[in-house]
Structures are given as C-alpha cells and as structure tokens.
Amino acid sequence: MNSCVVHLDGSFVFITDPAACPESRDEDALTGFLEERNLEPVALFLTHGHFDHVSGLKPIRKRWPDVPVFIHEADSKSIGPDSEVEQGKALRYIGLSSFIPACTDLPPADDFLKDNQTLGTLKFKSLSPKTLAALNKWKVISTPGHTPGSVCLYNADEKLLISGDTVFYQSWGRTDFPGGSESQIQDSLSKLYRKLPPDTLVYPGHEYYGFKISENF
C-alpha cells in the first residue's frame, strides 16, 4: 500500500492513507521515516475508509496526539469508536477477520472532506499562513465508486493526483466490496479523465505510481 508523505513547508508534511500497524508488522515504518527526517505531520487525509488505508492511524496518533484526521463523511463510519463494525464487513468478506483488531477504536474524523474543497479550509487548531497556503494548493475531488466516500487529492500547480483506490495504472479500484458501485466509479473516472491535464502524475493507493493519467485513456 502506498501511503504518501507530502511536503508543505519547512518540516511540515501531510500524510495520506497511513496503514503501518502491528498487524502488518511495520508499525514503525511511517513514524520512523518522519522522525529520521525531523518531519512533523499536520494532517492525516484518508482517500477512503478501507482497512488497508486507515489501520495506521493509531500509531501516528500515539506519536503525534494532536494531528487531525480527515475523511469524506460517507466513509466516516470506517473510523471512530465503532470502526470495527464497519471494517468487519469488508474484512470478513475477504477472509481477513484476524485484521479487525487493527481497525478497532480508530480515531474519529476531525472534519469531513467535501468535493472541490481546498485542504487549507478544513478545521485546524493552529497552522501558519504559509502552511495553510501550501495546503490550499490541494483540492478534494469526490470520486465515489470504490467506496461511497472515496476521494482524490489534486494539486493543479504541480499536476499531481493522489488517487487512493480510484485510479490504478491502466485499471481502477474493485467495486465488489460492500458499498462499491461499478457505475459510480466509471462516472468518477470519466470526470477525472475529462477534467485533468493529460500529463497529470498519478500516485495511487497500490502498485505502480507516478504514471501520467493519459496512460489510462
């Protein structure tokens, strides 16, 4: 799984889709990476709520207790105090019930991601104007289909798309999990391919990354 650590300014970064946890035997992968480089996360953005994109929330929050968590409201039941209920549906479906403890009692969302919203407009306790300006270069694009609350994060200045499990290299995310919709993901893909520049670089949630979105036409 490809978690992203995105530089903002100075030592500040944001993280997408943390999954490093004891159950996957890499609990210190993200925290160690950040500490070795003296980086400080200011936000955790979740492209959707599946277990392999959220199970690392607790190790990050253990090290940085005040870092806020953001997810689309439609996927918000995948985290929070009752997270194991929603997570159990998908994990039992694919025969991974043993992973449920990693998704139990996850931190709740501090605010919800909305379509066309820039990240700097979310609820933060205290960030410098420079850091907020860097966050505002990133915009939320709602892309339901893989899950009802799937989103992508897009930086128009740098032509970068963090696509979660909506866009893969010459493919797209599966839709047979509970809440998935093939018609919705096809609409979401059409929107992305229609609106984004063809030389946009895509960083998906799995496998090959850094490809141009035009390679998927």
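Fair warning: this is a prediction, and the values are worked out from it, not measured in the lab.
Counting non-hydrogen atoms of neighbouring residues, nucleotides and ligands closer than 6.0 angstrom, the NZ atom of Lys191 exceeds 12 such neighbours. Within 6.0 Å of atom NZ in Lys212, 12 or fewer heavy atoms from other residues, nucleotides or ligands are found, so the atom counts as exposed in its surroundings.
Under the side chain to side chain donor-acceptor pair (under 3.5 Å) criterion, Asn216 pairs with Tyr193, sequence neighbours left out. Ser183 pairs by the side chain to side chain donor-acceptor pair (under 3.5 Å) definition with Ser181, not counting sequence neighbours. Partners of Ser76 by side-chain contact (heavy atoms from CB on, under 4.5 Å), not counting sequence neighbours, listed by chain and number: Ile71, Glu73, Phe112. Take Tyr93 and apply the side chain to side chain donor-acceptor pair (under 3.5 Å) test, not counting sequence neighbours, and it matches Asp176. Ser188 pairs by the side-chain contact (heavy atoms from CB on, under 4.5 Å) definition with Thr143, Pro144, not counting sequence neighbours. For Thr31, the side chain to side chain donor-acceptor pair (under 3.5 Å) criterion is met by no residue, not counting sequence neighbours.
Tyr154 and Phe168 fall into different hydrophobic clusters, defined by Ile, Leu, Val, Met, Phe, Trp and Tyr side-chain heavy atoms under 4.5 Å apart, directly or through other members. When hydrophobic clusters are built by joining Ile, Leu, Val, Met, Phe, Trp and Tyr residues whose side-chain heavy atoms come closer than 4.5 Å, directly or via intermediates, Leu39 is not grouped with Leu135. Cluster membership for Leu189 and Ile162, using ILVMFWY side-chain heavy atoms within less than 4.5 angstrom, is not shared. Hydrophobic clustering, with ILVMFWY side chains joined whenever heavy atoms are under 4.5 angstrom apart, groups Ile94 together with Phe99. Both Val167 and Ile185 are part of a single hydrophobic cluster, where members link through side-chain heavy atoms under 4.5 Å apart.
In summary, the aromatic rings of His206 and His53 are positioned with their centroids under 6.0 Å apart. Ring centers of Phe14 and Trp138: under 6.0 Å apart, within the cut-off. Taking the six-membered ring for Trp and the full ring otherwise, the centers of Phe124 and Phe70 sit less than 6.0 Å from each other.
Under 3.5 Å, the side chains of Asn38 and Ser11 contain no donor-acceptor pair of N or O atoms. When only modelled atom types and interatomic distance are considered, Asp75 and His48 share no side-chain donor-acceptor pair under 3.5 Å. Defined by atom type and a distance below 3.5 Å, a donor-acceptor pair is present between the side-chain atoms of Asp17 and Thr47. A donor and an acceptor atom, one from each side chain of Thr131 and Ser128, are located under 3.5 Å apart. Looking at Glu86 and Ser78, their side chains never bring a donor and an acceptor atom within 3.5 Å of each other.
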| request: List the steps, then state whether side chain to side chain donor-acceptor pair (under 3.5 Å) holds for Ser150 with Thr147. | output: CA-CA 5 Å; Ser150 287; Thr147 67; 2.8 Å; yes
| task | Quick one: do Asn136 and Thr121 satisfy side-chain contact (heavy atoms from CB on, under 4.5 Å)? Show the steps, please. | result | CA-CA 7 Å; Asn136 273 328; Thr121 63; 3.9 Å; yes
| said: Apply salt bridge (charged side-chain N to carboxylate O under 4.0 Å, His left out) to residues Glu158 and Lys137 and explain how you reach the verdict. | reply: CA-CA 9 Å; Glu158 299 184 37; Lys137 292 182 179 181; 5.6 Å; no
| field | CA sep, side-chain torsions, deciding dist, call: Val202, Ile213, side-chain contact (heavy atoms from CB on, under 4.5 Å) | value | CA-CA 6 Å; Val202 182; Ile213 200 168; 3.9 Å; yes
| Between His72 and Ser142, does a side-chain contact (heavy atoms from CB on, under 4.5 Å) hold up when you go through it step by step? | CA-CA 8 Å; His72 192 283; Ser142 179; 4.2 Å; yes
| query | Taking it one step at a time, do Asp199 and Lys159 satisfy salt bridge (charged side-chain N to carboxylate O under 4.0 Å, His left out)? | reply | CA-CA 7 Å; Asp199 57 344; Lys159 294 183 181 178; 3.1 Å; yes
| request: Mind running side-chain contact (heavy atoms from CB on, under 4.5 Å) on Asn116 and Lys139 for me, showing each step along the way? | output: CA-CA 6 Å; Asn116 288 317; Lys139 182 177 75 170; 3.8 Å; yes
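In this structure, Thr16 contributes its side chain and Ser3 its backbone to no donor-acceptor pair below 3.5 Å. Looking only at distances, a side-chain donor or acceptor of Ser83 sits under 3.5 Å from a matching main-chain atom of Cys103.
Using a 30° and 60° split on the angle between ring planes, Phe211 and Tyr208 fall in the parallel class, below 30°.
Taking the side chain as every heavy atom from C-beta outward, Leu132 and Pro129 never approach each other to under 4.5 Å. Residues Leu44 and Pro18 meet the side-chain proximity criterion, which asks for heavy atoms closer than 4.5 Å.
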